[in-house]
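Structure first, then comments.
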Number of protein chains: 2
Amino acid sequence: MASSNTKQAIMNAAAQIIHQDGILEMTLESVAKQADLSKGGLLYHFPSKEDLVKGLVDHQMQVYMENIKAGAENDTTNKGKWTRSFIQETFRQSTSNKELDAGLLAAIAYDPNLLNPIQEAYQHWQQQIEEDELDPVKATILRLAVDGLWFSEIFGLAPLAKELKEEVLHELITLSKGE
Amino acid sequence: MASSNTKQAIMNAAAQIIHQDGILEMTLESVAKQADLSKGGLLYHFPSKEDLVKGLVDHQMQVYMENIKAGAENDTTNKGKWTRSFIQETFRQSTSNKELDAGLLAAIAYDPNLLNPIQEAYQHWQQQIEEDELDPVKATILRLAVDGLWFSEIFGLAPLAKELKEEVLHELITLSKGE
DNA sequence: GACAAAAAACCGTCCAGACGGTATACTAAA
DNA sequence: TTTAGTATACCGTCTGGACGGTTTTTTGTC
């Protein structure tokens with residue numbers, strides 16, 4: 001119980017360091033310090049650095065997956081429900097949740113294999129989106145657009161002004177309701 | 001003249017290692033070996049590792065910028081020319097040029113500040129796209145969609161099948177020609 | 001064109017520091 | 001007294017980069 005909280009604190013600390021100072025600054029010591037813990041204490045919860053990165057990715061992905069599934073299932077309109085849920089949830093993650101960003105970057109830096117769970121989830125979503133009672137090409141463009149928005153936030157590549165961002169989201173949702 | 005070739009070879013080597021083995025494997029020694037050079041020789045051309053990463057980013061961005069500018073200027077239709085050029089060139093980069101990917105990932109890992117030139121270029125393009133005689137929201141969505149496509153290639157997040165990818169490109173270009 | 005001198009390109013070794021991880025000791029609660 | 005959790009000390013390895021040297025290319029002069 002303390003264990004679970006500490007684990008969470010450690011992952012938060014790691015994500016924050018990655019976000020602020022870059023991946024190379026995320027050392028066991030720096031994470032431990034940020035989480036107000038000793039290196040030994042950290043290693044008790046994550047026996048290796050790879051375990052830490054894996055923990056980051058897996059934990060964030062679990063939430064991400066559950067939310068998208070729930071969004072699709074609770075949508076009263078069948079047509080485009082997966083596309084819509086994907087748009088909503090990815091938009092939300094991209095603007096508020098920096099931990100998934102950190103996990104993504106850490107994973108590709110430390111070991112591309114750690115991306116596997118994310119890649120599998122995406123494969124599944126892409127399939128749902130292509131079979132969403134919409135034109136597959138247009139639906140895919142909607143998916144790519146939110147991904148692009150997320151991308152722009154991660155790397156700071158002309159992230160959209162708040163107002164434009166809201167308009168883009170609104171338009172994407174509208175388009176997800178079909179022709 | 002040998003200098004220029006060697007520099008290019010070194011950057012190629014660095015990009016290849018990043019792409020194959022990840023950022024952490026890109027050490028001065030591994031790059032030197034891949035470029036068929038000694039560590040001393042490498043450090044002659046790039047006095048520090050940061051210089052190497054900066055070189056990667058700057059060189060690739062220069063090409064990227066020139067191509068987008070040229071594409072817009074050579075477009076006979078005024079409406080949507082920047083959006084179209086951005087789509088074309090980013091699509092091209094995302095499918096064939098892995099060096100910009102490598103530069104992007106290396107930069108964010110080693111020092112987020114190294115992303116500045118890319119960020120400035122994007123800011124400029126975004127502005128052109130918003131003033132491209134198209135609906136700004138729709139034009140922005142097109143931009144984001146190609147970025148999303150690039151994103152999907154970098155991280156392997158459900159990269160599109162070849163055929164779908166072509167259809168998406170075609171549709172984006174069509175949409176860039178206005179309502 | 002010959003050739004010395006200077007500059008450019010390149011090599012291999014060495015080292016201080018940082019890092020991941022182990023071993024072990026401590027502490028508080030049950 | 002056991003055990004989960006934390007702390008401290010320590011070790012072996014790797015890495016960036018400094019450095020002194022060597023080879024190759026260019027340049028200036030006759």
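Numbered from 1 within each chain, the chains take letters A, B, ... in sequence-line order.
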Any side-chain N or O of B:T6 less than 4.0 Å from the OP1 or OP2 oxygen of C:dC10? yes

Report yes if a side-chain nitrogen or oxygen of A:Y44 is closer than 4.0 Å to either non-bridging phosphate oxygen (OP1 or OP2) of D:dG5; otherwise report no. yes

Calculate the interatomic distance between A:K33 atom NZ and D:dA7 atom C1'; express it in whole Å. 16 Å

Can you give me the closest heavy-atom contact between A:E99 and A:A15, atom names plus distance? CG-CB, 3.7 Å

More than 12 heavy atoms from other groups under 6.0 Å of CE on B:M65: no

All salt bridge (charged side-chain N to carboxylate O under 4.0 Å, His left out) counterparts of A:D147, not counting sequence neighbours: A:R143

Tell me which pairs pass ring pair (Phe, Tyr, Trp, His ring centres under 6.0 Å) where either residue lies in residues 56-75 of chain A, with sequence neighbours left out. A:Y64-A:W125

Taking salt bridge (charged side-chain N to carboxylate O under 4.0 Å, His left out) as the definition, give me every residue that meets it alongside B:D75, ordered by chain and number, with sequence neighbours left out. B:R84

Could you tell me which residues satisfy side-chain contact (heavy atoms from CB on, under 4.5 Å) with A:L24, sequence neighbours excluded, listed by chain and number? B:L24, B:Y110

Toss me the dot-bracket line for DNA chain C: Watson-Crick and G-U wobble, both under 3.5 Å, 5' to 3', using | for pairs to another strand and [ ] for crossers. ||||||||||||||||||||||||||||||

Review item, nucleotides 11-19 of chain C N/O atoms under 3.5 Å of protein N/O:
unit_1 : atom_1 : unit_2 : atom_2 : d
C:dC11 : OP2    : B:S38  : N      : 2.7
C:dC11 : OP2    : B:S38  : OG     : 3.2
C:dC11 : O5'    : B:S38  : OG     : 3.3
C:dG12 : O6     : B:G40  : N      : 3.4

B:E120 and B:H124 side chains, donor-acceptor separation under 3.5 Å: no

Which pairs with one or both residues in residues 41-60 of chain B pass salt bridge (Lys or Arg N to Asp or Glu O under 4.0 Å), sequence neighbours excluded? none

Quick one: do B:F151 and A:L144 satisfy side-chain contact (heavy atoms from CB on, under 4.5 Å)? Show the steps, please. CA-CA 9 Å; B:F151 182 61; A:L144 293 174; over 6 Å; no

With sequence neighbours left out, write down each residue that passes salt bridge (charged side-chain N to carboxylate O under 4.0 Å, His left out) with A:E29, or none if nothing qualifies. A:K39

Do the side-chain N or O atoms of A:H45 get closer than 4.0 angstrom to the phosphate oxygens (OP1, OP2) of D:dA4? no

Which residue pairs pass the salt bridge (Lys or Arg N to Asp or Glu O under 4.0 Å) test with at least one member in residues 85-97 of chain B, sequence neighbours excluded? B:E89-B:R92

B:Q8-B:N12 side chain donor-acceptor pair, cut-off 3.5 Å: yes

Would you mind reading off the distance between B:F46 atom CZ and D:dA18 atom C1', rounded to a whole angstrom? 19 Å

Sorted by number, the residues of residues 102-116 of chain B with heavy-atom contact under 4.0 Å to DNA chain C: none

Can you sort out the partners of B:E153 under salt bridge (charged side-chain N to carboxylate O under 4.0 Å, His left out), two or more places apart, ordered by chain and number? B:K165

What are the residues of residues 10-19 of chain B, sorted by number, that bring a heavy atom to within less than 4.0 Å of DNA chain C? none

